[in-house]
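What you see is a predicted model; the values in this text were computed from it and never measured. Protein chains get the first letters and strands the later ones, always in sequence-line order, with residue 1 at the start of each.
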2 protein chains.
Amino acid sequence: MKPTIYDVAKAAGVSIATVSKVINNTGRISEETKKKVLDVMEELRYQPSVVASALTGKRTYTIGLLIPDLANPFFAEIARSVEDRGQELGFSVVMCSTDNDSKKEAKYISLLKQKSVDGIVLAAGFQNDTVLKELVQEKFPLALIAREIPELAIDSVVLDDFLGGYQVTEHLLSLGHRRIAVLAEKARSSKERIRGYRHALQNAGIEFDQSLILASEATVEKGYRNTVQLLDSSDPPTAIFATNDLLAIGVIQAGRERGIGVPDDLSVVGFDNTILAAIVDPPLTTVAQPIHEMGRQVMDILIQRIEDEKKMKQRVVLLPELVIRKSTKPLQVKK
Amino acid sequence: MKPTIYDVAKAAGVSIATVSKVINNTGRISEETKKKVLDVMEELRYQPSVVASALTGKRTYTIGLLIPDLANPFFAEIARSVEDRGQELGFSVVMCSTDNDSKKEAKYISLLKQKSVDGIVLAAGFQNDTVLKELVQEKFPLALIAREIPELAIDSVVLDDFLGGYQVTEHLLSLGHRRIAVLAEKARSSKERIRGYRHALQNAGIEFDQSLILASEATVEKGYRNTVQLLDSSDPPTAIFATNDLLAIGVIQAGRERGIGVPDDLSVVGFDNTILAAIVDPPLTTVAQPIHEMGRQVMDILIQRIEDEKKMKQRVVLLPELVIRKSTKPLQVKK
DNA sequence: TTGAAAGCGCTAACAG
DNA sequence: CTGTTAGCGCTTTCAA
């Protein structure tokens, strides 16, 4: 059987209170007994039970991470960065892939609460507002990453999506493109990116064309389908801004299939700068999110919140960076 | 404050023992009181504390998943499949990315034990044999996925790597290739794949050339470097078998840089059939691992082990499937 | 069919 | 500086 605090107390000839104190470095213990206890702990390979200590009101040192899909490289990278920072700070993270399904979201949240996690970080795309509001009301430690909910006061770290959309569009405009389509996912961040896009168009005096905006789920498949649709229209775009890399890859594939070369006949820009962007051919011009930094910051913020529920709420906005690769090119004037 | 079992007992006018019994569906309770208790539980939105129940010797319904790197698509997919099955069965999974660092492995294992997880699944590439042996000795519930340790009796679900390597090589041989290099990672599974490769060569009466085997870490970068090295050698291969997709992508990139076209001048085969394989250009001929099935099976096996430590140990071997795409082609005879 | 009570391993007053 | 003790929320005999 695993040794308990009683075992080490007995072996060290002290009380469990004393052992507890040396474990937690609280109270005042003579160097001598402290050393003895430490020695015994080592000898017995004693490890305090987090479960027991949690029951007395202490932390579980575990947080939940809700993301749409762990198999999506963008979220996998977010998860990794959150996990890394958690590890550094002594927190474990339990993974919850929700598939943007509000049922699963609710189920996971409920599960996490039963398990007394110390806090939860929510990544992009949380559908279930009701559950969220409850969490906020009961002041459950929460932090958002790559996701904003303007109407709720929740700590969050986000990318400046507006700027990202703006940068993309400006880049495309500078290459001479005027007819720029947007493949968007149905998330709020996409709306911001589109807003940036519109703003850039406006600055350039170009009229916004709603028919150029297509919304769908964030998959290669959808990117492909929507691109086919665009390409088959009477007045196809010369550039496509996909609000994530997966969609952008779908664009490239559709182009290839239709004999529309990227970037020669069609420029395409992605978003997120996932590992995929560097791997597709042509390598994707895309917007880099500082994922590692974001993961680090949510964890820090969440843990601050856990430690002090009255701490000022904050929203950290990080800036995107346009990574120009080979999928965009000056517009060829038709001869 | 969150309601406890006492709150519902009081509100229902029964003892906590009774409440406990209806929660766990144990003992004999009259339909009447059962209903009352259930109602009260609902009304109070009571959720039993997993922490408290774990302290009395019950499960935590949490398992640990150790993988090299969550940001690697192959492992992300494994993680997702494990998580999915866990979710179905009521288990949470806490993620641990080890970077194949035996220090981190030991640290994570220790942490997981402190948190009283019910079991651990270990994915490919566990360095720290000492820790592992201890775990086995103390009969800690363990299961391996995509990883075999012949000298240790541990439940595991693996791919038939030998067959995978054989299939790849046979395919390449059938295309007329005779000089086939291998980029391997330093894992046992790679050794098996190489064994399959050698076996296929032998069957074809081709002599094995050790200089054609290069080992490294599993990154695009390493694949690139090693390919450059091969290409610059006096007698370069006409085909390269990379033991995972990441390496294979490095091969393609190196080829592109050197003006060696894939598949025209060089055939390349990957392994794992990650999302990347479908996305690179040319799409990668690769070996598909039934990841979803593997994840499902490890979880099932692990949970069986948790429930009955004396259950027969087993090793499930799933079969690979060669997915032929565009990165391989019959050898061009030089004119 | 129900409930009283002992304990799971640990923490935190409080006393000494 | 150290120990006694009362919980934390739940499960599980054992009586009633």
query = Quick one: is D:dG3 close enough that its OP1 or OP2 comes under 4.0 Å of any side-chain N or O from A:Ser15?
reply = yes
ask   = When the distance from NZ of A:Lys115 to P of D:dC10 is rounded to whole Å, what number comes out?
value = 16 Å
key: N/O donor-acceptor pair, side chain A:Lys21 with base D:dG3, under 3.5 angstrom   = yes
key: Protein-nucleotide distance (A:Asn24, atom CG; C:dA12, atom P), rounded to Å   = 7 Å
inquiry  = Is the phosphate of D:dC10 approached by B:Ser20 (side-chain N or O, under 4.0 Å from OP1 or OP2)?
reply    = no
query = Whole-Å distance between D:dC14 C1' and B:Arg28 CZ?
reply = 17 Å
query = What about A:Tyr6, does its side chain sit under 3.5 Å from the base of C:dC10 through a donor-acceptor pair?
reply = yes
task = Let me know the distance between CE of A:Met41 and P of C:dG9, rounded to the nearest Å.
result = 16 Å
query = From the list D:dG3, C:dT11, C:dA5, which nucleotide is the closest neighbour of the side chain of A:Ser53?
reply = C:dT11
Of the listed nucleotides D:dC8, C:dG3, D:dG9, the one nearest the side chain of A:Thr56 = D:dC8
ask   = Over how many whole Å does the gap from B:Leu55 atom CG to D:dT12 atom P extend?
value = 13 Å
request  = Would you classify A:Val14 as touching base, sugar-phosphate or nothing, given that sugar-phosphate means primed atoms plus P, OP1 and OP2, and contacts are heavy atoms under 4.0 Å?
outcome  = sugar-phosphate
task = Quick one: label B:Ser30 by what it contacts on the DNA or RNA (base, sugar-phosphate, nothing), any heavy atom closer than 4.0 Å.
result = sugar-phosphate
ask   = Sub-3.5 Å donor-acceptor pair from the side chain of A:Thr62 to the main-chain atoms of A:Thr60, do we have one?
value = yes
message = If you assign B:Thr33 and A:Gln47 each to the DNA chain C nucleotide with the nearest heavy atom, which residue ends up on the more 5' nucleotide?
response = B:Thr33
message = Between the side chains of A:Glu138 and B:Arg45, is the shortest nitrogen-to-carboxylate-oxygen separation below 4.0 Å, so that they form an ion pair?
response = no
query = Taking NZ, NE, NH1 and NH2 as the nitrogens, is one of them in B:Glu293 or B:Arg296 under 4.0 Å from a carboxylate oxygen of the other?
reply = no
request  = Round to a whole Å and report the spacing from CD of B:Glu31 to P of C:dT1.
outcome  = 9 Å
query = Quick one: A:Ile16 CD1 to D:dT4 P, roughly how many Å, whole number?
reply = 9 Å
query = With sugar-phosphate meaning primed atoms plus P, OP1 and OP2, does B:Thr26 contact a base, only sugar-phosphate, or nothing at under 4.0 Å between heavy atoms?
reply = nothing
N-O pairing of A:Lys36 and A:Glu31 below 4.0 Å = no
query = When the distance from CD of A:Gln114 to P of D:dC10 is rounded to whole Å, what number comes out?
reply = 10 Å
ask   = Just checking A:Lys58: base, sugar-phosphate only, or nothing, at a heavy-atom cut-off of under 4.0 Å?
value = sugar-phosphate
task = Salt-bridge test for A:Asp155 and A:Arg315: reply yes if a basic N is under 4.0 Å from a carboxylate O, no otherwise.
result = no
